[in-house]
Student: 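Here it is, the structure in full.
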Amino acid sequence: MPAKCRRSRTKFTEEQLKILIDAFNQKPYPGYAAKKRLALQVNTEESRIQIWFQNRRARHQFPKRPEEHLDARQGRGPPAGQTPGRGDRRSRTSYTNSQLQTLIEEFKVNPYPGIDSREKLAKEIGVPESRVQVWFQNRRSRQNTQKEREPGEAVDQGQNQGQDLRDGTVQGTATT
DNA sequence: CTGCTAACCTAATCATGGG
DNA sequence: CCCATGATTAGGTTAGCAG
């Protein structure tokens, strides 16, 4: 194959796992700052930390421990639907018009960019690769949701499941 | 081959910021 | 206030590697 679509599988060392598991047991929903700190500690990317926590929460029934204290503020305490984690999210990325143009153009030719394409794109518009990935995820999702708006035409789904096979390698560069 | 688990996906939802 | 859209989550699939 020309290149790998996926990022290569990260192999955590025992030491790294120890730190991660310990952190997980104390706080299964780390905020952005905590993830960044952990990333530094185990010397890896923060996006790897995020994926690791996602997978861990999904597969291990961690002690339903929302917070070590956190007891609903009965006043109104609307536990229904609120982020378990702290309000510590990554700040919203605001894309400039030209950045959006680049992303949209790429999306048209390849809505499922592999790791190489995403990294190249990220470098091009000066944004972390993880943001590019999220952007594509949201874009695809939105497209599927709103596709029910225009009964026009198009809406051609190729039943493409799993096998994405498409790799960037788009030497674009034509322009400029 | 099987089990574990990183990477990745969708859909839903939370949350922010501009009109 | 409301809407467009970025960030996060649950849960499910794909795939690399050790046993």
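Only a predicted model underlies this, so the values are computations on that prediction, with no experimental measurement involved. Naming convention: chains lettered A, B, ... in sequence-line order (proteins, then strands); numbering from 1 in each chain.
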Student: Could you check whether any side-chain N or O of A:N110 sits under 3.5 Å from a backbone N or O of A:E106, counting only pairs where one atom can act as donor and the other as acceptor?
Tutor: no
Student: In this structure, how many angstroms lie between the P atom of C:dA4 and the OH atom of A:Y95, rounded?
Tutor: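 Interatomic distance, OH of A:Y95 to P of C:dA4: 19 Å.
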Student: Where the side chain of A:Y112 is defined as all heavy atoms beyond and including C-beta, which of B:dC9, B:dC8, C:dG6 is the nearest nucleotide?
Tutor: B:dC9
Student: Round to the nearest Å and state the distance from A:D88 atom CG to B:dA15 atom P.
Tutor: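 In whole Å, B:dA15 P lies 12 Å from A:D88 CG.
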Student: In whole Å, what is the span from the CG atom of A:N97 to the P atom of C:dA4?
Tutor: 17 Å
Student: Sequence neighbours left out, what passes side-chain contact (heavy atoms from CB on, under 4.5 Å) with A:T96? Give chain and number order.
Tutor: A:S98, A:Q99
Student: With clusters defined by side-chain heavy atoms of hydrophobic residues (ILVMFWY) lying less than 4.5 Å apart, directly or transitively, does A:L40 cluster with A:V42?
Tutor: no
Student: Less than 4.5 Å apart, side chain to side chain, heavy atoms only: is that true for A:E124 and A:T102?
Tutor: yes
Student: Could you check how far CZ of A:R90 sits from P of C:dT9, rounded to whole Å?
Tutor: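 Rounded to the whole Å, the gap is 13 Å.
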Student: Between A:R59 and A:N55, do the side chains contain a donor N or O and an acceptor N or O under 3.5 Å apart?
Tutor: yes
Student: Are A:F24 and A:F12 connected into the same hydrophobic cluster when the rule is that any two of I, L, V, M, F, W, Y join if their side-chain heavy atoms are below 4.5 Å apart?
Tutor: yes
Student: Heavy-atom contacts under 4.0 Å between residues 40-56 of chain A and DNA chain B, which residues?
Tutor: A:R48, A:I51, A:W52, A:N55
Student: Indicate whether OP1 or OP2 belonging to B:dA15 is found under 4.0 Å from a side-chain N or O atom of A:Y32.
Tutor: no
Student: Using a cutoff of under 3.5 Å, can you pull out all pairs of nitrogen or oxygen atoms linking the protein to nucleotides 16-19 of chain B, with atom names and distances?
Tutor:
from: B:dT16; atom 1: O2; to: A:R92; atom 2: NH1; distance (Å): 3.2

Student: Examine A:W52 and A:F62 and state if one hydrophobic cluster contains both, with Ile, Leu, Val, Met, Phe, Trp and Tyr joined whenever side-chain heavy atoms are less than 4.5 Å apart.
Tutor: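 Yes.
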Student: Does A:K11 have any salt bridge (Lys or Arg N to Asp or Glu O under 4.0 Å) partners at least two apart in sequence or in another chain, and if so, which?
Tutor: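 A:K11 satisfies salt bridge (Lys or Arg N to Asp or Glu O under 4.0 Å) with no residue once adjacent residues are dropped.
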Student: How many Å lie between CD on A:Q143 and P on B:dA12, as a whole number?
Tutor: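 For the pair A:Q143 CD and B:dA12 P, the rounded distance is 15 Å.
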Student: Output the residues of residues 132-141 of chain A in contact with DNA chain C, where contact means a heavy atom of the residue under 4.0 Å from an atom of the strand; sort by number or write none.
Tutor: A:V134, A:W135, A:N138
Student: For A:R131, enumerate each residue passing the salt bridge (Lys or Arg N to Asp or Glu O under 4.0 Å) test, keeping only those at least two apart in sequence or located in another chain.
Tutor: none
Student: What pairs with A:N138 under side-chain contact (heavy atoms from CB on, under 4.5 Å), at least two apart in sequence or on another chain?
Tutor: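 Residues passing side-chain contact (heavy atoms from CB on, under 4.5 Å) with A:N138: A:V134.
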Student: Calculate the interatomic distance between A:H60 atom NE2 and B:dA6 atom P; express it in whole Å.
Tutor: 8 Å
Student: Got a sec, which residues hit salt bridge (Lys or Arg N to Asp or Glu O under 4.0 Å) with A:E105, two or more places apart in sequence or on another chain?
Tutor: A:K108
Student: With a cutoff of under 4.5 Å between side-chain heavy atoms, which Ile, Leu, Val, Met, Phe, Trp and Tyr residues group with A:I104?
Tutor: A:Y95, A:L100, A:L103, A:F107, A:L121, A:I125, A:V127, A:V132, A:W135, A:F136
Student: In chain order, what residues pass the side-chain contact (heavy atoms from CB on, under 4.5 Å) check against A:S94, with sequence neighbours excluded?
Tutor: none
Student: Between the protein and nucleotides 16-19 of chain C, list the N/O to N/O atom pairs that are separated by less than 3.5 angstrom.
Tutor:
from: C:dG16; atom 1: N2; to: A:R9; atom 2: NH2; distance (Å): 3.1

Student: Listing request: all salt bridge (Lys or Arg N to Asp or Glu O under 4.0 Å) pairs with a residue in residues 43-57 of chain A, at least two apart in sequence or in separate chains.
Tutor: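 Sorted pair list: A:R7-A:E45, A:E46-A:R90.
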Student: Nearest whole angstrom, please: distance from the P of B:dT5 to the CZ of A:R57.
Tutor: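 Taking atom P of B:dT5 as the reference, CZ of A:R57 is at 16 Å.
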Student: Find the distance A:L103:CG to C:dT5:P and express it as a whole number of Å.
Tutor: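 To the nearest whole Å, that distance equals 13 Å.
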Student: Any side-chain N or O of A:R59 below 4.0 angstrom from OP1/OP2 of C:dG11?
Tutor: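 For A:R59, the contact criterion (side-chain N or O under 4.0 Å from OP1 or OP2 of C:dG11) is not met.
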Student: Within the modelled atom types, does a donor on one side and an acceptor on the other bring the side chain of A:R142 and the base of B:dA11 under 3.5 Å apart?
Tutor: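 No.
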Student: Does A:R6 put a side-chain nitrogen or oxygen below 4.0 Å from OP1 or OP2 of C:dA15?
Tutor: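 No, because none of the side-chain N or O atoms of A:R6 sits under 4.0 Å from OP1 or OP2 of C:dA15.
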